[in-house]
2 protein chains.
Amino acid sequence: MPLVVAAAYGGPVVSEGERRQTTIYDVAAAAGVAPSTVSRAFSRPGRVRAETAERIRAVAAELGYRANPQARALTTTRTGMLALVLADVTNPVFAEVVRGAGRACERDGYTMLLAETEESAEKERAMVDRAQGSVDAIVLTSSRMSDAAIRQIAKVEPLVVLNREVPGVPSVLVDFEPAMRRITEHLAELGHRQITYVAGPEASWADGMRWRGLRLATEHLGIRLRRVGPVAPTVAGGQTAVVDWDDHRTSAVVAYNDMVAIGIVRRLAASGVRVPEDVSVVGFDNTPVGELVTPALTTVAAPLRALGETGASNAIALAAGARSRATDPIRLPTRLIARASTGPVRG
Amino acid sequence: MPLVVAAAYGGPVVSEGERRQTTIYDVAAAAGVAPSTVSRAFSRPGRVRAETAERIRAVAAELGYRANPQARALTTTRTGMLALVLADVTNPVFAEVVRGAGRACERDGYTMLLAETEESAEKERAMVDRAQGSVDAIVLTSSRMSDAAIRQIAKVEPLVVLNREVPGVPSVLVDFEPAMRRITEHLAELGHRQITYVAGPEASWADGMRWRGLRLATEHLGIRLRRVGPVAPTVAGGQTAVVDWDDHRTSAVVAYNDMVAIGIVRRLAASGVRVPEDVSVVGFDNTPVGELVTPALTTVAAPLRALGETGASNAIALAAGARSRATDPIRLPTRLIARASTGPVRG
DNA sequence: CTGAAAGCGCTAACAT
DNA sequence: ATGTTAGCGCTTTCAG
């Protein structure tokens with residue numbers, strides 16, 4: 001069966017049906033060297049004479065040789081793949097993380113495997129389970145699993161958790177405390193003396209951190225803090241929170257995230273309460289829509305892309321043998337973005 | 001070196017450092033059968049007596065056996081992985097596609113590999129190149145590569161293209177023609193007699209289709225059509241388009257997508273032109289933000305999730321040997337969503 | 001620096 | 001229905 005060689009797309013292509021790939025043996029034969037030398041020429045360039053390596057590369061290119069990743073992985077136990085698991089790519093916050101992780105992978109020649117858990121701890125476990133054998137490292141974003149489960153996985157596989165602190169497991173997270181302090185200061189400067197926090201999902205580690213940071217900061221500045229919720233981290237969730245706020249009105253509201261904040265603003269507007277004249281509203285995440293709604297949202301920009309990027313590159317380093325048992329989380333700095341949804345409190 | 005067995009997370013776990021996995025040989029020995037029988041028990045359950053299979057499974061579970069995907073792939077040449085390549089997960093449109101493809105993969109027990117090309121045809125080629133050996137099928141979303149290059153890949157690897165038509169290559173796409181017709185009818189019903197189309201990226205296949213659909217529909221209904229652009233498919237892009245529109249004002253503007261539409265509305269508002277009182281604006285894609293901006297955007301909902309899902313499942317079917325050389329694209333239906341950015345033309 | 005030989009863990013004929 | 005025997009394509013000792 002004759003090979004049909006096509007010039008256009010990188011090397012030989014076999015006629016439909018027949019798919020035998022060119023192996024190191026083919027290259028070896030054509031280059032007049034032993035197969036092991038071909039292998040070395042690709043995986044350990046230093047260990048072969050420059051000339052020989054050159055010739056081998058040439059022949060390989062001509063024959064369209066491509067190393068078989070599976071075969072390689074079989075002996076090296078390294079697949080060059082990293083699994084990124086998260087709840088929902090459709091959430092802009094996670095999308096940024098994906099982008100960052102993708103960059104890190106590309107930089108280090110890794111391939112990224114994406115697993116969406118759709119908020120289910122069970123699914124998350126299943127996905128990790130399946131990915132486990134195929135990847136060199138795993139990055140868990142806002143994991144829903146128990147600390148114990150996560151630690152267990154970390155024991156078997158290089159693992160980094162994002163937006164979550166698990167003692168003993170490398171993690172990188174958004175530095176919430178200063179973020180909440182900045183929000184509080186911003187509000188205080190505008191004259192606000194009481195704040196309502198609209199909480200997000202109870203199970204969320206991030207929600208706990210935001211609440212904690214806010215408590216610390218308000219205490220320090222002598223500001224009254226109330227908490228309502230939890231609500232779903234969505235526009236609808238924010239809307240439902242307004243009735244609770246209405247029970248004990250405060251001049252400022254800090255929402256779990258931008259979506260919730262937008263929901264609050266909308267419901268407020270619907271009942272004739274003006275933002276920011278009557279009440280100031282603060283979001284979190286600096287989601288793109290925050291800039292497009294009216295009024296534009298005051299919010300906190302988290303370095304989401306960097307989160308994904310450092311998470312992935314740390315995981316890759318771990319896979320490469322970097323036993324940095326320094327278990328202190330890496331904390332990424334945030335930035336307050338003051339826009340039109342906050343304003344001075346009215347006498 | 002003694003093994004440390006942990007009960008908590010699915011089976012044995014070795015002490016740090018030592019990572020030897022349990023193989024079919026271990027299971028075979030423990031179950032008192034030949035290795036090949038263990039293999040069969042997992043890959044070809046029918047070919048082994050129920051009792052035996054049961055015993056093998058039990059032993060395997062106890063030993064924490066997990067098939068090595070690389071080894072399996074080496075003989076079967078099937079990896080159980082699918083590559084989804086697209087420009088940008090951060091774009092809500094693509095995020096939905098990812099979600100859909102992820103679902104299809106999960107349903108069929110596939111693992112999804114994600115590659116972001118960041119709009120570069122070169123990068124796209126490189127990513128495909130790298131994924132090629134590791135996956136059973138590839139899904140290309142809004143590819144920037146040439147038809148020839150795509151066809152070449154399709155010859156070597158099961159491939160489905162999304163949002164693009166490449167003769168001879170299976171594709172699934174949003175059915176633009178009826179979508180543009182619906183937009184035109186909607187506008188015509190409101191009394192509009194001239195429309196400006198604000199074009200997206202020139203290289204975009206989707207842009208070409210939208211323009212074509214609009215031309216057909218306006219011709220049919222006797223409506224004047226003008227075209228401005230191309231502009232970047234972003235809010236900023238939309239803003240720049242307004243000056244061109246201003247040269248020959250029309251009572252209605254159809255934008256390449258929601259982002260462009262939002263940009264247009266904002267710039268219009270900034271110069272005192274009211275939407276929809278003075279001019280009606282229509283977007284495309286039904287991005288979540290379209291509902292949150294003021295005025296809420298009239299747009300077209302494309303079945304993005306379904307796009308990803310049918311794309312992936314077709315690719316998987318192809319990988320499984322379904323030689324459906326029916327090269328007619330699958331066209332997915334759209335839905336007009338009339339909101340507040342369109343209104344009757346004013347006498 | 002290069003060659004020869006022995007697997008990695010699994011599946012796929014071929015036997016029985 | 002199960003056991004035996006060869007490899008899949010690559011890396012890796014171990015020799016030379």
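Throughout, protein chains are lettered first and strands after them, A, B, ... in sequence-line order, and every chain is numbered starting at 1.
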Undergrad: Under a 4.0 Å N-O cut-off, is there an ion pair linking A:Lys123 with A:Glu116?
TA: no
Undergrad: To the nearest angstrom, how far is A:Asn68 atom CG from C:dC10 atom P?
TA: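 About 16 Å, once rounded to whole Å.
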Undergrad: What is the nucleic acid contact for B:Ala73, judged by heavy atoms within less than 4.0 Å: base, sugar-phosphate only, or nothing?
TA: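 Nothing, no heavy atom under 4.0 Å.
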Undergrad: Taking CG from B:Leu74 and C1' from C:dA12, how many angstroms apart are they, rounded to a whole number?
TA: 13 Å
Undergrad: If you count the non-hydrogen atoms of other residues, nucleotides and ligands that lie under 6.0 Å from CZ in A:Arg47, is the total more than 12?
TA: no
Undergrad: Centre of B:Tyr110's six-membered ring, under 6.0 Å away, within 45 degrees of the axis: is that where NZ or CZ of A:Arg130 sits?
TA: no
Undergrad: Could you tell me whether A:Glu118 and B:Arg103 have a side-chain N and a carboxylate O separated by less than 4.0 Å?
TA: yes
Undergrad: Think A:Arg72 has a side-chain N or O under 4.0 angstrom from the OP1 or OP2 of D:dT11?
TA: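 For D:dT11, OP1 or OP2 has a side-chain N or O of A:Arg72 closer than 4.0 Å.
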Undergrad: Would you confirm whether B:Arg66, through its side chain, and A:Asp129, through its main-chain N or O, come within 3.5 Å as a donor-acceptor pair?
TA: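 At least one qualifying donor-acceptor pair exists.
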Undergrad: Between the side chain of A:Asn163 and the main-chain N/O of A:Thr141, is any donor-acceptor distance below 3.5 Å?
TA: no
Undergrad: For DNA chain D, please output the secondary structure as dot-bracket, reading 5' to 3'. Pairs are Watson-Crick or G-U wobble, both atom distances under 3.5 Å; mark crossing pairs with [ ], other-strand partners with |, unpaired with a dot.
TA: ||||||||||||||||
Undergrad: Over all strands shown, is B:Ser39 touching base, sugar-phosphate only, or nothing at heavy-atom distances under 4.0 angstrom?
TA: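 Touches a base.
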Undergrad: Quick check for you: among D:dG3, D:dG9, D:dT11, whose closest atom lies nearest to any side-chain atom of B:Ala34?
TA: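 Closest nucleotide to the B:Ala34 side chain: D:dG3.
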Undergrad: OP1 or OP2 of C:dT2 less than 4.0 angstrom from a side-chain nitrogen or oxygen of A:Thr52, does that happen here?
TA: yes
Undergrad: What is the separation between atom CD on B:Glu54 and atom P on D:dT2, rounded to the nearest whole Å?
TA: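 My rounded result for the distance is 13 Å.
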Undergrad: Measure CD/A:Gln21 against C1'/D:dC8 and give the value in whole Å, please.
TA: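 Atom CD in A:Gln21 sits about 9 Å away from atom C1' in D:dC8.
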Undergrad: Once you round it to whole Å, what is the distance between C1' of C:dC8 and CD1 of A:Ile24?
TA: 14 Å
Undergrad: Tell me whether the side-chain N/O atoms of A:Ser36 come closer than 4.0 Å to OP1 or OP2 in C:dA4.
TA: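 The answer is no; no side-chain N or O of A:Ser36 sits under 4.0 Å from OP1 or OP2.
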Undergrad: Separation of A:Glu51 atom CD from C:dC1 atom P, in whole Å?
TA: 12 Å
Undergrad: Nearest whole Å is fine: how far is C:dG9 C1' from B:Tyr65 OH?
TA: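 Answer to the nearest Å: 8 Å.
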Undergrad: Counting just side-chain N and O atoms, does A:Arg44 come under 4.0 Å of either OP1 or OP2 of D:dT12?
TA: yes
Undergrad: Please determine if a side-chain N or O atom of B:Tyr25 lies less than 4.0 Å away from the OP1 or OP2 oxygen of C:dG7.
TA: no
Undergrad: Using a cut-off of strictly less than 4.0 Å, decide whether B:Thr37 has a side-chain nitrogen or oxygen near OP1 or OP2 of D:dG3.
TA: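 Yes, such a contact exists.
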Undergrad: Closer than 4.0 angstrom, basic N to acidic O: yes or no for A:Glu124 and A:Arg144?
TA: no
Undergrad: Between C:dC10, D:dT12, D:dG9, which nucleotide has the shortest distance from any of its atoms to the side chain of A:Thr76?
TA: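 From the listed options, D:dT12 comes nearest.
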Undergrad: Does the structure place the NZ or CZ of B:Arg57 under 6.0 Å from the centre of the six-membered ring of B:Phe42, at an angle of no more than 45° from the ring's axis?
TA: yes
Undergrad: What is the distance from CG of B:Leu63 to C1' of C:dG9, rounded to the nearest Å?
TA: 15 Å
Undergrad: Closer than 4.0 Å, any side-chain N/O of B:Arg49 to the OP1 or OP2 of D:dA1?
TA: no
Undergrad: Pick the closest DNA chain D nucleotide for B:Ala71 and for B:Gly46 by heavy atoms, then say which residue is nearer the 5' end.
TA: B:Gly46
Undergrad: Is any side-chain nitrogen or oxygen of A:Arg40 closer than 4.0 Å to OP1 or OP2 of D:dT11?
TA: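 Indeed not, no polar side-chain atom of A:Arg40 lies that close.
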